[in-house]
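This report refers to the structure that appears directly beneath it.
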Amino acid sequence: MPSEEKNELLRLIPRVDELADFAASASGAPREIACEVARSVTNRIRESIVSGRTFSRQELSLDSLGKLTVRELENLFKPSFKRVINATGVVLHTNLGRAPLSEEALNAIKETSQGYSNLEYRLSTGERGSRQEHLEGIICRLTGSESAFVVNNNAAAVLQVLTALARGREVIVSRGELIEIGDSFRLPDIMLSSGAKLCEVGTTNRTKLSDYREAIGPDTALILKTHMSNYRILGYSEEVSIFELSKLAHEHFIPLVEDLGSGSLIDLTPFGLEGEHTPMASIKAGADIVTFSGDKLLGGPQAGLVVGKAEYINAIRKHPLARALRIDKITVAALEATLREYLNPEKVLIRIPALKMLLDDEKNIEKKAKKLKRILDKEKPEKIQYEVVREFSTAGGGSLPLASLPTWCLKVKHSLHSAYETSRLLRESNPPVIARMKDDSILIDLRCIHEEEISMIADALLGIQ
Ligand SMILES: *Cc1c(COP(=O)(O)O)cnc(C)c1O
């Protein structure tokens, strides 16, 4: 484009203050921010023109660029963090926020956080208390432990336990348990940052009691056992039980620590879900310290629970890291309310959303899938083909890695778009719908879908152009 033509176009760009006035009055946003956005819009247009793009007079009008500025300005005020519909079927989807909170937990957050609370204040004496006091009693009652302490998440729990009990000394770990959980939780790295020295024993597939015994020396601080959360070693394999390991540890007057990962407070084996044992079972078998997450199978907020013998918990509690890893009042509220649900073992399976969805009857899920199909049938959509199919969903969150849970999905194919494109468009709907892909179709898994979300999914599917 000749430079005269470019200069002509550049002259047509509205002035920043004109655009800012337009956008500020149309959107009600403060003028200063409107000015910033207007400047960035005009800069962008100017650069496009300079690099050779042409625009019509209409495109460069105050009205047209003003509207663009208003749109960008309004986007600035929209939350980035928002609700989505989880149609993946993965109950504890870490990227989608893991465990949804129970009604009671949400109420407790509102009740205690809207105004003031007795977070660290003893109402009986009017003296300073500890936020941990709201949690310790109920955790001990539920897990059968002597003492308990809660930090920000399970990674923090492991870090704090190792730092407090093993800094500068050796920690014995089986080579089959040097885990990576994802999102850069690698056990060897956590050990390194705690200042503990890693003493690996056994092999990837087999570690025997004698391997541990031979490794114990004057510099050994503790034995660490890690739950294989998100993987299994099958076939020719051997690991040492908590019971045997705790006997060995106690013969040498060192503690046995277990990083349990999920730590379900309910034995899930009667429901056909193998592979997770409870913190109660570990403590009974002789573990001195057990750590587990608050937002995995427990079904509460993000937290790391440390349970076990008082002498060790006291040392852990006193370490200065405790202050850096301490939980927020919102966590205290949600965790206490979640834990109290477990006092009623019959109701807990319905009242904790993660447990309810995990153990839901296949027939209920099928009903929801059929309802979604019926809503679509009424609209007679021309561009999508769909059918109700039986599939399998997973627990997620590094829990129950081998469990495949029978579920029901709506399998959808769009006549104009690939599965990849269709799932992108579903993510753009409001609220975004996150689905699974399979064989160039998308699967809407109804396991984690609320009754009132079914019509939202239908709207999202019908809204795809
Ligand atoms: C999930 C998991 C962790 C990390 O827990 P967060 O609560 O996500 O920090 C650590 N160890 C094991 C064995 C796990 O399964």
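Start at 1 and go down the list; that is how both ligands and their atoms are numbered. For the single chain, residues carry numbers from 1 onward in sequence order. This structure is a prediction, so every number in the text was calculated from the model and none was measured.
Note on Glu366 versus Lys370: salt bridge recorded, some NZ/NE/NH1/NH2 to OD/OE distance being below 4.0 Å.
For the 3.5 Å distance criterion, the side chains of Thr278 and Asp267 fail to qualify, holding no donor opposite an acceptor. Side-chain polar atoms of Thr338 and Glu104 form no donor-acceptor pair below 3.5 angstrom. Between the side chains of Thr88 and Asn86, at least one donor-acceptor pair of N or O atoms lies under 3.5 Å. Between the side chains of Lys110 and Asn107, no donor-acceptor pair is found at a separation under 3.5 Å.
Counting heavy atoms from C-beta on, the side chains of Pro100 and Met357 come closer than 4.5 Å.
In this structure, the side chain of Asn154 does not engage the main chain of Ala157 through any donor-acceptor pair within 3.5 Å.
With respect to atom 11 (N) of ligand 1, the closest heavy atom belonging to the protein is Asp259 OD2, 2.7 Å. Nearest non-hydrogen protein atom to atom 1 (C) of ligand 1 is Lys296 NZ, 1.4 Å. Looking at atom 9 (O) of ligand 1, its nearest protein heavy atom turns out to be Ala155 N, 2.9 Å. Summary of contacts: the protein heavy atom closest to atom 13 (C) of ligand 1 is Ser229 OG, 3.1 Å.
If you look at Gln302 next to ligand 1, there are no close heavy atoms at all, none under 4.0 Å.
Close contacts of ligand 1 with His227, meaning ligand atoms under 4.0 Å from a residue heavy atom, involve 13 (C). Less than 4.0 angstrom separates some heavy atom of Arg98 from each of these atoms of ligand 1: 6 (P), 7 (O), 8 (O). Close contacts between ligand 1 and Gly261 involve ligand atoms 12 (C), 13 (C), 14 (C), 15 (O) [criterion: under 4.0 Å to a heavy atom]. For ligand 1, the atoms lying closer than 4.0 Å to a non-hydrogen atom of Ser293 are 5 (O), 6 (P), 7 (O).
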Quick one: do Glu428 and Arg424 satisfy salt bridge (Lys or Arg N to Asp or Glu O under 4.0 Å)? Show the steps, please.
-> CA-CA 7 Å; Glu428 277 184 1; Arg424 189 185 69 76; 2.7 Å; yes
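The heavy atom nearest to atom 6 (P) of ligand 1, considering only Asn154, Leu187, Ile179, is found in Asn154.
Under the 4.0 angstrom criterion for non-hydrogen atoms, Met228 is not in contact with ligand 1.
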